[in-house]
Amino acid sequence: MAVHKAGRKAARVATAVAAAALIGVAASACGPDGDNAGGAEKSSSSAPESKGPESKGPKSKAPGSDVPASVKGGVITVGDPQAKHTVKVYEDSRCPFCRKFEEGGAQALVGPVADGKVKVEYVIASFLDRNLGGSGSVNAANALRASVEAGKFPQYHAAVFANQPAEETDDAYTPAFLLKIADKVDGLRGGAFDKAVTNGTYKKWVGEAMTTFNKDGVQSTPTVLIDGEKSEGEALYDQGEFAKQLKAAGIS
């Protein structure tokens with residue numbers, strides 16, 4: 001499975017991932033050996049075909065569209081906080097494989113979340129800014145946090161990934177573009193939301209989310225845990241295959 005890596009050896013790891021992707025071989029790599037998961041070197045990876053800034057909106061339904069989202073520490077939770085099962089998702093908004101997960105495996109969560117069988121905990125990382133340059137991941141994470149206050153996190157989360165730039169090296173998530181994406185979500189735009197996106201109101205929280213990412217020992221995105229067990233392989237990118245993993249954990 002091709003994944004993003006964060007660490008001093010990011011460039012070397014990314015080269016290996018890209019080479020494996022070209023020959024259709026699943027790739028994996030060791031974790032970072034640096035002092036932090038952000039890494040200081042720039043990296044990129046072979047990515048699935050992606051829609052750029054002209055994308056019109058989400059291609060598929062957002063898990064939890066009709067349920068509330070809440071924040072505790074560096075985690076955003078969608079669904080009933082008392083749900084028996086938990087799926088924890090670690091993402092970076094600039095990661096093309098995270099978009100692939102959202103359009104693939106994540107679709108298997110729509111029904112179970114709506115039925116109250118599972119809650120989804122999102123940890124929104126921003127290490128790709130440090131790896132690739134720019135501030136798109138931080139800007140997007142800030143805007144996503146603002147969307148919780150507006151009661152539109154699931155819908156906006158889906159829209160942000162649907163409008164991900166075509167190349168991960170494109171620093172396209174500016175405040176202006178994030179507001180343009182928000183236009184696609186009914187009822188999201190407003191004085192408080194627009195101000196938070198423009199002024200970076202939740203950048204302190206963005207740092208808290210990145211601290212959670214690091215403390216949890218996560219080394220790549222997307223990383224998905226089903227009741228604490230890591231989902232492996234290409235199932236992340238296929239709705240049917242991920243549904244089988246969920247069913248094996250008692251979620252259907």
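- Take A235 and apply the side-chain contact (heavy atoms from CB on, under 4.5 Å) test, not counting sequence neighbours, and it matches E241, Q245.
- Contact of the L109 side chain with the V120 side chain is registered, since non-hydrogen atoms from C-beta on lie closer than 4.5 Å.
- For the residue pair T174 and N139, the shortest heavy atom distance occurs at CA-ND2, 4.0 Å.
- Sorted by first and then second residue, the salt bridge (charged side-chain N to carboxylate O under 4.0 Å, His left out) pairs with a member in residues 141-150 read R145-E149; sequence neighbours excluded.
- Rounding to the nearest 0.5 angstrom, the gap separating the CD1 atom in I226 from the CD atom in E232 is 10.5 Å.
- Judged by distance alone, with hydrogens and angles left aside, the side-chain atoms of W205 form no donor-acceptor pair with the main-chain N or O of A146 at under 3.5 Å.
- Interatomic distance, CD of E103 versus CG of D238, reported as 13.0 Å (0.5 Å rounding).
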Take D80 and K117, measure what salt bridge (charged side-chain N to carboxylate O under 4.0 Å, His left out) needs, and give me the verdict at the end.
CA-CA 8 Å; D80 183 355; K117 297 177 180 178; over 6 Å; no

Listed pairs under 3.5 Å, donor-acceptor, residues 190-202 side chains, sequence neighbours left out:
residue	atom	partner	partner atom	Å
D194	OD1	R189	NE	2.7
D194	OD2	R189	NE	3.0
D194	OD2	R189	NH2	2.9
T198	OG1	D194	O	2.9

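- The salt bridge (charged side-chain N to carboxylate O under 4.0 Å, His left out) analysis of residues 208-225, with sequence neighbours excluded, yields the pairs K88-D216.
- Put simply, the residue from E102, K100, R99 that forms a side-chain contact (heavy atoms from CB on, under 4.5 Å) with Q164 is R99.
- Under the side-chain contact (heavy atoms from CB on, under 4.5 Å) criterion, K119 pairs with T77, A83, T86, E121, sequence neighbours left out.
- Here the shortest heavy-atom pairing between L178 and A143 reads CD1-CB, 4.1 Å.
- The ring-ring contact (aromatic ring centres under 6.0 Å, His included) test applied to F101 returns F242, not counting sequence neighbours.
- When every heavy atom of L128 is checked against every heavy atom of S137, the shortest pair comes out as CB-OG, 3.9 Å.
- Counting only distance, with no hydrogens or angles, the side chain of N163 and the backbone of A159 share a donor-acceptor pair below 3.5 Å.
- A donor-acceptor pair is defined here as one N or O able to donate and one able to accept, closer than 3.5 Å; no such pair exists between the side chain of D170 and the backbone of A172.
- Between S93 and Y173, the shortest heavy-atom contact is O-CE1, 3.5 Å.
- Ring planes of F153 and H157: tilted class, angle from 30 to 60°.
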Take V75 and T212 through the test side chain to side chain contact (heavy atoms under 4.5 Å, CB included) and record every step on the way to the result.
CA-CA 8 Å; V75 179; T212 299; 4.1 Å; yes

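- There is no side-chain donor-acceptor pair under 3.5 Å between D92 and T221.
- Put simply, the side chain of K152 gets close to the backbone of D186: a donor and an acceptor are under 3.5 Å apart.
- Side-chain contact check for S252 versus L246: every heavy-atom pair is 4.5 Å or farther apart.
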